[in-house]
Amino acid sequence: MVNVERFIDEAVRKIQQAAGVEKVVMALSGGVDSSVCAALAARAIGDALIPIYVDTGLMRKGETERIRSLFADVGLLVVDASDEFFRALEGITDPEEKRKAIGEKFIRIFEREAKRTGATMLLQGTIYPDRIESEGGIKSHHNVGGMPLDIEFKGVIEPLADLYKDEVRDVAGGLGLPAEIQHRMPFPGPGLAVRVLGEVTREKIAIVREANAIVEECLVEKFHPWQCFAALIGLGTGVKGDVRLHGWIVAVRAVQSRDGMTADPLLLPYETLSQMATRITAEIPGVSRVVYDVTPKPPATIEYE
Ligand code: XMP
């Protein structure tokens with residue numbers, strides 16, 4: 001377990017050393033990792049930090065508005081890049097290709113914003129499990145293995161690179177961040193793109209966004225899962241309003257975990273599962289079937305891609 005006060009002091013010093021007199025851009029997603037990074041960097045370098053929220057079009061329901069209001073006072077730059085992301089993802093079906101395309105887009109947007117703002121350094125909230133899983137070849141998390149090699153920054157600063165998620169949450173507490181941020185479920189950098197199997201389209205993302213919102217509403221406050229979400233896993237035959245429907249199959253996943261390296265499915269009451277299935281199929285027109293995933297990690301990963 002990390003000594004929070006010492007970690008904060010050392011991280012602030014390291015960020016100051018690494019940044020020098022340069023301006024630093026960072027991706028602020030509003031998750032605990034990037035929020036902690038931003039708070040550390042704001043302490044370390046003040047106005048030289050330029051936090052940027054990229055609306056990829058792949059975010060959760062209401063997320064952009066939420067981030068805007070949460071970080072209204074820190075000079076947050078909001079970049080609407082959803083058209084660019086959907087275009088970059090056209091025709092891509094392979095999960096690793098998706099991650100690479102998203103990582104590449106992110107970096108290019110950051111290079112662009114860095115040029116515009118005169119920043120030369122990039123700050124990232126990469127944590128220890130991201131590195132392990134990318135180095136181990138399990139999958140390239142978009143903020144590590146997916147990063148293009150011809151990156152134009154003078155340097156990359158990763159103050160959380162040795163921490164596990166629960167340690168990051170402790171640091172968030174030490175920094176006095178709101179409980180909403182400290183306890184937020186993890187959300188993958190590539191966003192909802194890894195929660196639709198195969199090609200990413202606006203239609204699929206709109207459906208999975210609604211399904212994710214319903215799953216969170218049904219489970220977060222009542223069961224406090226480490227992570228829960230919905231994924232679109234394919235098409236199947238169904239019947240809605242007496243008409244046969246080739247509809248989407250939504251998989252619901254809810255897990256307990258310490259650090260995301262291993263995970264166990266949450267044992268949910270049948271009534272809760274049934275309510276979720278009813279809401280998802282009733283509220284989302286194109287969905288005809290809902291299944292609950294009871295596979296631990298390993299062998300399954302938490303996300304579907
Ligand atoms: P997996 O699916 O690898 O997920 O069992 C472990 C944890 O990591 C999150 N995850 C990601 N986070 N970029 C991220 O920043 C990614 O590409 C990525 N893939 C998975 C996942 O949501 C879970 O919390």
Side-chain angles (χ1 to χ4, degrees), residues 27-36 38 51-72 76 78-86 89 95 98-99 102-103 105-106 109 125 130 141-143 165 168-169 172 177-197 200-233 248 250-255 257 260 266 276 279-280 283-284 286-287 290 293 301-305:
L28 184 59
S29 69
V32 64
D33 304 345
S34 64
S35 299
V36 165
I52 302 175
Y53 170 78
V54 179
D55 183 358
T56 58
L58 305 167
M59 307 303 283
R60 279 173 285 190
K61 193 173 177 177
E63 192 68 358
T64 301
E65 298 72 25
R66 185 183 149 269
I67 303 289
R68 265 190 212 279
S69 71
L70 263 176
F71 296 97
L76 180 69
V78 177
V79 180
D80 178 2
S82 51
D83 286 343
E84 279 183 67
F85 276 88
F86 281 113
L89 286 165
K98 269 190 204 177
R99 278 194 164 72
I102 291 169
K105 240 313 117 236
F106 252 108
I109 288 170
D130 298 340
H141 281 202
H142 93 277
N143 50 353
K165 199 85 180 182
V168 179
R169 293 193 201 283
L177 294 179
E180 180 196 345
I181 290 177
Q182 191 183 349
H183 300 296
R184 199 135 205 251
M185 287 193 302
F187 183 69
L192 299 172
V194 291
R195 295 184 180 171
V196 301
L197 297 192
V200 175
T201 63
R202 282 184 189 275
E203 184 215 357
K204 287 192 206 171
I205 293 293
I207 292 172
V208 88
R209 178 179 290 124
E210 286 303 316
N212 269 269
I214 295 171
V215 169
E216 288 193 22
E217 278 171 34
C218 294
L219 301 185
V220 171
E221 274 183 28
K222 210 158 164 199
F223 299 98
H224 304 289
W226 191 81
Q227 196 169 10
C228 67
F229 60 88
L232 283 198
I233 59 170
W248 290 106
V250 166
V252 175
R253 188 126 169 86
V255 295
S257 178
L266 215 59
M276 267 192 301
R279 277 197 61 186
I280 292 169
E283 294 174 29
I284 312 175
V287 178
V290 176
D293 186 338
T301 52
I302 295 176
E303 302 289 344
Y304 276 74
E305 286 197 331

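In this chain, residues are counted from 1 in sequence order. For the numbers below, each heavy atom of this structure counts, side chains included, while hydrogens, waters and symmetry mates do not. Please read all numbers here as calculations on a predicted model, not as lab measurements.
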Check whether any side-chain N or O of Arg195 sits under 3.5 Å from a backbone N or O of Leu232 as a donor-acceptor pair, and report yes or no.
no
If we only count heavy atoms from C-beta on, is the Leu266 to Phe223 side-chain gap below 4.5 Å?
yes
To check you understand the geometry: which heavy-atom pair defines the closest contact between Ile302 and Gly260, and what is its length?
CD1-O, 3.8 Å
Between Ile109 and Phe85, which heavy-atom pair has the shortest distance, and what is it?
CD1-CE1, 3.5 Å
Any side-chain heavy-atom pair from Leu76 and Leu70 closer than 4.5 angstrom?
no
With sequence neighbours left out, the residues meeting side-chain hydrogen bond (donor to acceptor under 3.5 Å, both in side chains) with Arg60 are Glu216
Name all residues meeting the side-chain hydrogen bond (donor to acceptor under 3.5 Å, both in side chains) criterion together with Ser34; count only those two or more places apart in sequence or in a different chain, and write none if there are none.
Ser29
Report the C-alpha separation of Asp33 and Arg184 in whole Å, then their side-chain angles, then the decisive distance to 0.1 Å, and conclude whether the salt bridge (Lys or Arg N to Asp or Glu O under 4.0 Å) test is met.
CA-CA 10 Å; Asp33 304 345; Arg184 199 135 205 251; over 6 Å; no
With a 4.5 Å heavy-atom cut-off, do Met276 and Val290 have their side chains touching?
no
Hey, does the side chain of Gln182 reach the backbone of Arg169 with a donor-acceptor pair shorter than 3.5 angstrom?
yes
Ala251: side chain to side chain contact (heavy atoms under 4.5 Å, CB included) partners, not counting sequence neighbours
Ile233, Val291, Tyr304
Quick check: does any side chain N or O of Arg209 sit under 3.5 Å from a backbone N or O of Met59, one acting as donor and the other as acceptor?
yes
Which residues satisfy the ring pair (Phe, Tyr, Trp, His ring centres under 6.0 Å) test with Phe229, sequence neighbours excluded?
none
State whether Arg68 and Asp55 are salt-bridged, where the test is any N-O pair (Lys NZ or Arg NE/NH1/NH2 against Asp/Glu carboxylate O) under 4.0 Å.
no
Going by the side-chain contact (heavy atoms from CB on, under 4.5 Å) test, name the single residue among Val215, Asn212, Asp293 that passes it with Val252.
Val215
Can you list every side chain to side chain donor-acceptor pair (under 3.5 Å) pair that touches residues 219-233, not counting sequence neighbours?
Gln227-Glu303
When you measure from the side chain of Lys98 to the backbone N and O of Ala193, does any donor-acceptor pair fall under 3.5 Å?
yes
For Ile214, the side chain to side chain contact (heavy atoms under 4.5 Å, CB included) test, sequence neighbours excluded, returns Cys218, Arg279, Ile280, Glu283, Ile284
